[in-house]
Each structure stands twice: as C-alpha cells, then as structure tokens.
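To start, the structure under review is shown below, and the notes come after it.
So you know, we letter chains A, B, ... as the sequences are listed, proteins then strands, and number each from 1.
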Amino acid sequence: MAKVLVVTSGKGGVGKTTSTAALGAALAQSGQRVAVVDFDVGLRNLDLVMGAERRVVFDLINVVQGVAKLSQALIRDKRLDTLWLLPASQTRDKDALTEQGVGSVIKEMRAKFDWVICDSPAGIERGATLAMRFADEAVIVTNPEVSSVRDSDRIIGLLDSKTERAERGQRIEKHILITRYDAQRAARGEMLNINDVLDILSTPLLGIIPESEEVLRASNIGSPVTLSNAGSAPARAYADAARRLRGDDVPMIIPAERRRFFDKLFGRRAA
Amino acid sequence: MNVLNFFRRRGSAPVARERLQILLSHERAARGQRDLLALLREEILAAIAKHVTVESENVHVRMDRGDTVSTLEIDVEIPHSAGMLLAAGS
C-alpha cells in the first residue's frame, strides 16, 4: 500500500529538499517505487538537487489543472529506474494549487508508487498546508537551534489539526529528522543535543544527519547524497533513516564525538 | 585565561533549552486557547443578553497564563440606558 510522506519543517534552509532527495533515493535503492514531489511553487529546487533541472517539461500545476497528464510530468531518474520526480512550477504562483486538484494527483500517485514524498515549502501558508494535507506520515526536519525547534513545534501542531487524517480523527505518524548535527559542539554544550530536541518536541527520532561537506558537494553536482557518496556519514545516516521508515529496527547511532587529544586535555574549543 | 574560560563557560545550550521550554509551553497553551475563549465569549454574551442589551463587539474576553495562576479578564461595555436600569434595580 502506498504511503504519502511529507517532509516539512516550518523554517527554511534546514534541509527539507536535501532530505527529500536523499530519503527518496535511499528508498528507491531498496527497490521501492518512489516519487518525490516538489510543492515549492515559484521557488522550485528539488529538480536542481536531483540533477534533473534540464529535463523539466511539465509540472505539478500543469497536472493539477489538467493541462498535462501525470505520466507526462513525471521525470524518471537517470541513475535509479524506480525513482521519479514531479517538479513544481517555477513561473506560476502557489494560488494555482487547489486542494481538490492536489488531492486527485496524490490519489493517482498512490496507485503507481510505494512512496510519494512531498517536499514542503518553508512557512505555514498554502503551499506548506497543501503539501501536508494528504500525508499519512511526516518527517519534520529540525536543526538543533532554537528557531528551528520552535517552528517544528508549530508544524507538529498543524500536522495534528489541519491534515486530512487529523480531521478524520486518525493519527498521523510523525518523525523528527535532526540535520546539521555537530556532535563536538553538542558535547561542549554549545548546541542543543539530541535529547534536548526530542524532549522539547516529544516526537520520536527518525535519524541524525551529521553536519558534513558531503551534503553541499552532493547538491553542487545534482545528486542525492545517498547516491553521490553512499559511504559518507550523512549518506549512511539517511540510508538508516529510510530503513526505519520501512519499519526496520535499525539502532540509532549518535554521531561520534571526535575530539582531538589536546582539546580533551585542555577543554579547548575548536575553531 | 583558557582555564578561567573553561570554568566559567558551561555552553549556551542549557539556556537555549530552558528558553524553548518556557516559550513552547505558552505557545502550546495558546493554540487551544483561542477556541475556548470564543466559546466563553459567546456564552457570557448570551448570559448578559438575557438581562441587558449589549452589542457583541462590546464584550472582550482575555486570558493570561502565568506560571502558577492564570487570569480570565472579562470586559463588558454596557450602554448608558441599560446602565441606568441596573443602577435603579440595585
């Protein structure tokens, strides 16, 4: 049975698009049929992060408005043949998305895919509420930083009240994905640690993605990090998170704190 | 200097944690609060309207949540003519 997953956060720049691409690719690598859908109308970027920016012909709004068929707008990934992208429109504005239209596109996609992953725009406006509207599960991307945690809390409130499942009295499964985690800074008490974030948000953890230059490198070359360097720390963390989404029991590894000998000795702060 | 710093600074994360906990407890309370206040406002207005004529926009209901005590503030503006009646009745 297909699962519709929204990747959301409230706050911008925390890694929603990176996480959508990485989780989508990891799920597709395990043989699942996956579609990633960009809901950021007017500011699309999932196509760029996936390396498909020159292959966009039709987009979500064309499908919602009946100008193009879903099959015409879906772009098949060149590396993984079970991974597809439905891009957002770059020229239209978000008012072109209607709830009914999005609902019927999602319904059609449920029949074709195992996973439909909706990449939400930042904020709590129409694009974000429509991205979460038909979701069965939610990944809330959070940085260990006060404004991100506060916005995540707000989004959790919206997931529990404004989604179709919530309105029908059903539970929407929610997971926290902590990104840009710096174990050294957390160990020194300079950054909220994992338990701080989970205690405050009282939502289960899906994974911890360590801060890494590999993430920027992956977006530079237009490849999900799980494909560009599968052995890197963030790629392995995303792959584990994807397995947890599928229901596997994967032990959670908190990124190791590697302090140099002299830092340990003098309690020195790294640059 | 380094040693002094080491003892003085315990990192800013505990401050972040505490600020967030306080802020979010207020914001979460406020989420459910709007509906409760709308309901209270409606019922208070109905109770008053049985005895005095008041305009609905002249009834203000406000709630302040404190750490130990919360206060409910009800402000009803009664038109002059009705006010005279109330005074006469008492």
Would you say that more than 12 heavy atoms from the other residues, nucleotides or ligands in this model lie under 6.0 Å from the CZ of A:R243, or not?
no
Rounded at 0.5 Å granularity, tell me how far OG in B:S12 sits from CZ in A:R185.
8.0 Å
Residue selection (most heavy-atom pairs with chain B, distance under 4.5 Å) from A:S161, A:A186, A:G189:
A:G189
Would the number of heavy atoms belonging to other residues, nucleotides or ligands and lying under 6.0 Å from CD of B:E57 be above 12?
yes
Could you tell me whether A:E167 atom CD has more than 12 heavy atoms of other residues or ligands within 6.0 Å of it?
yes
Within 6.0 angstrom of A:R150 CZ, more than 12 heavy atoms from elsewhere
no
Please report the closest heavy-atom contact between A:L192 and B:A16, naming both atoms and the distance.
CD2-CB, 3.9 Å
CZ/A:R154 to CG/B:L24 distance, rounded to the nearest 0.5 angstrom?
11.5 Å
Atom CD of B:E18 with >12 non-hydrogen neighbours under 6.0 angstrom:
no
When rounded to the nearest 0.5 Å, the distance separating OG of B:S25 from CD1 of A:I200 is 11.0 Å
Do A:D199 and B:R17 have side-chain heavy atoms sitting under 4.5 Å apart?
yes
Look at atom CD of A:E125 and say whether more than 12 heavy atoms of other residues, nucleotides or ligands are closer to it than 6.0 Å.
no
Distance col, row A:D196:CG vs B:L20:CG, nearest 0.5 angstrom, shows 9.0 Å
Check whether any side-chain heavy atom of A:V146 lies under 4.5 Å from a side-chain heavy atom of B:L23, and answer yes or no.
no
